[in-house]
Amino acid sequence: MKRFARLAAFSAFGPVLAALAGCSGMYTTSIATPASVAAPPAGGPPVAIVVNDQRPPKEGGSDPKRVGTIRALAGNGAGMREESPDAVRRLVESATAGGLAKAGISVAPGGAMLEVGIRKFWMDGYSSYTAELHGDLVLKKGGSEVWSKTVKVSATGEQSGSSSAMFNTVWGWALERWRDRVAEAASEPAFLAALGVKAAASAAPAPAETTAAAEGPFGLSVASEFNVDDRQKLTFEIKARDAVKAAGLTEKRGAFPEIAVRYVSSYEKNSKTGNVNGYKVTTRLSLKNASGRVLWEGSFVVKGTLGELDPKNANYLEASFSSDVDYKWTTEVVRRLKSPEFRKAAGR
């Protein structure tokens, strides 16, 4: 069976095309540093920070400015780059210093040295993008390693406007998480012992990141991928509301966290008879907080047969499609909204 017709007419790329147009394969962004924290009290041994860019060649190692890829609808991508080849090193250094300060440790030359090896600083995706920051923390005294730890953080967000704004926002979240993980690591007894500081002198560990309210209704947003209008949208809106209710959740317009449903639907055709005999729906579900941060994400594909329907009989074709989607698609949405992963992210 061959694909017959797209139900979602991908004629508008919106912000993706804006990012790719006229950029000769590269697009420049400017990631902001995380918000600073209060300086720790004086008296403790200082720690110097040295950051080494050790990214792989294809992810910024060969081109230090490169920090990710922005993709158009067909999947082809353009490189996302910072304005300075030293930007990634400086961003990680600033976030690391913030983490140490949050743990009550001052940053200054002399004494111990915290070496940070950046293993990954990269963002990629397709409408929804994930920034990943991986690195090794190595504490040295007198040139000898006395403590080490690997830190990995990530953050995900949806592109709803400017590509540059989306990149900056999601990277800001990732750098904040890095800062907080460094604070947690620097508050561990093993780190403090290696530094020569009593555990009682450290600040409390960074609080766990909040996800969603433990009670209350969910918002619901339903649209075809890239928010392109199509005639099936009402069907998916109705089925999505039914799924939320069947999963034991309450929906309220404008509430957060929000369940976002994004889908792409297509008919399939019998190449010999010309009749429509199947369909395919690709769906991406996500749970977002009020700032747009993705707390959870899942995707699935549903396929079905429609019994050799004449494409000219639009009303009967639509009714058959809606009936089959009601049984298969809604069931899949309910299953994922009941999953332990979703419930944990939603705080339920």
Side-chain angles (χ1 to χ4, degrees), residues 15-16 19 27 29-37 51 53 55-56 59-60 66-71 77 79-82 87-99 102 116 118-137 149-185 205-213 221 256-260 262 284-299 341-342 344-347:
V16 176
Y27 188 75
T29 185
S30 181
I31 303 168
T33 57
S36 59
V37 298
V51 179
D53 191 344
R55 290 176 289 167
E59 293 185 354
R66 186 77 184 270
V67 293
T69 299
I70 186 75
R71 299 188 183 279
M80 297 294 286
R81 309 171 78 209
E82 277 288 281
V88 169
R89 189 196 64 75
R90 288 188 288 102
L91 287 165
V92 174
E93 180 178 2
S94 177
T96 302
K102 200 169 184 179
V116 182
I118 307 173
R119 301 292 185 182
K120 190 180 188 72
F121 193 102
W122 192 256
M123 183 188 287
D124 204 341
Y126 184 76
S127 180
S128 174
Y129 287 79
T130 297
E132 295 182 273
L133 173 52
H134 302 172
D136 299 323
L137 306 179
K149 189 180 188 69
T150 297
V151 176
K152 296 181 179 181
V153 299
S154 64
T156 300
E158 285 192 345
Q159 180 178 342
S160 57
S162 161
S163 299
S164 180
M166 181 271 295
F167 257 66
N168 295 343
T169 298
V170 178
W171 267 122
W173 293 336
L175 287 164
E176 287 175 1
R177 289 184 178 181
W178 175 271
R179 179 195 63 195
D180 293 344
R181 297 303 176 268
V182 169
E184 292 171 0
E209 181 181 357
T210 57
T211 54
S221 170
F256 285 96
E258 178 187 83
I259 300 170
R262 301 292 180 264
R284 176 168 57 87
L285 305 175
S286 60
L287 182 68
K288 302 187 294 183
N289 63 15
S291 66
R293 179 176 295 182
V294 176
L295 309 173
W296 169 89
E297 191 171 53
S299 60
E341 294 80 10
F342 175 86
K344 180 179 179 181

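The figures here come from the full heavy-atom set of this structure, side chains too, leaving out hydrogens, waters and symmetry mates. All figures in this text were calculated on a predicted structure; none of them were measured in a lab.
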A side-chain contact here means heavy atoms from C-beta on lying under 4.5 Å apart; do R119 and P56 qualify?
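Sidechains of P56 and R119: no contact.
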
Starting at OH of Y129, measure out to OG1 of T169 and round the result to the nearest 0.5 Å.
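Between atom OH of Y129 and atom OG1 of T169 there are 14.0 Å.
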
As an exercise, state the distance from CG of D124 to OG1 of T130, rounded to the nearest 0.5 Å.
9.0 Å

Please report the closest heavy-atom contact between A185 and K149, naming both atoms and the distance.
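In terms of heavy atoms, the two residues are closest at CB-CD, 3.6 Å.
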
List the atom of L133, the atom of I118, and the distance in Å for their closest heavy-atom pair.
CD1-CG2, 4.3 Å

Among T156, L287, N289, V170, whose side chain to side chain contact (heavy atoms under 4.5 Å, CB included) with V294 holds?
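The single option meeting the side chain to side chain contact (heavy atoms under 4.5 Å, CB included) with V294 is T156.
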
Atom pair CD/CH2 of E132 and W171 - distance to nearest 0.5 Å:
8.0 Å

What are the two closest non-hydrogen atoms of E176 and R293, and how far apart are they?
OE1-NH2, 3.7 Å

Roughly how far apart are L285 CG and I259 CD1, rounded to 0.5 Å?
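Rounded to the nearest 0.5 Å, the CG-CD1 separation comes to 8.5 Å.
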
Might you point out which heavy atoms bring A155 and R177 nearest each other, and give the distance in Å?
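Looking at all heavy atoms of both residues, the closest pair is CA-NH1, 3.9 Å.
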
Minimum heavy-atom separation for G98 to R179, with atom names?
C-CG, 3.6 Å

Distance check, rounded to the nearest 0.5 Å: E297 atom CD versus K288 atom NZ?
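Atom-to-atom, E297:CD and K288:NZ are 10.0 Å apart.
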
Determine, step by step, whether K102 and D180 satisfy the side chain to side chain contact (heavy atoms under 4.5 Å, CB included) criterion, reporting the C-alpha distance in whole Å, the side-chain angles of both residues, the deciding distance to 0.1 Å, and the verdict.
CA-CA 8 Å; K102 200 169 184 179; D180 293 344; 2.6 Å; yes

Go through it in stages, so that I can follow the logic: the residues are R90 and E82, the test is salt bridge (Lys or Arg N to Asp or Glu O under 4.0 Å), and I'd like the CA-CA distance, side-chain angles, deciding distance and then a yes or no.
CA-CA 11 Å; R90 288 188 288 102; E82 277 288 281; over 6 Å; no

For residues A345 and W296, report the shortest heavy-atom separation together with the two atoms involved.
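The pair with the smallest heavy-atom distance is CB-CB, 3.6 Å.
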
Applying salt bridge (Lys or Arg N to Asp or Glu O under 4.0 Å) to E184 and R181, what does each step give before you reach the verdict?
CA-CA 5 Å; E184 292 171 0; R181 297 303 176 268; 3.8 Å; yes

Heavy-atom check, side chain of E59 versus side chain of F121, under 4.5 Å:
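Result no, sub-4.5 Å side-chain heavy-atom pair not found.
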
Sequence neighbours excluded, which residues qualify as salt bridge (Lys or Arg N to Asp or Glu O under 4.0 Å) partners of R89?
D86, E93

In Å and rounded to the nearest 0.5 Å, what is the OG1 to NE2 distance from T150 to H134?
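Those atoms lie 10.0 Å apart.
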
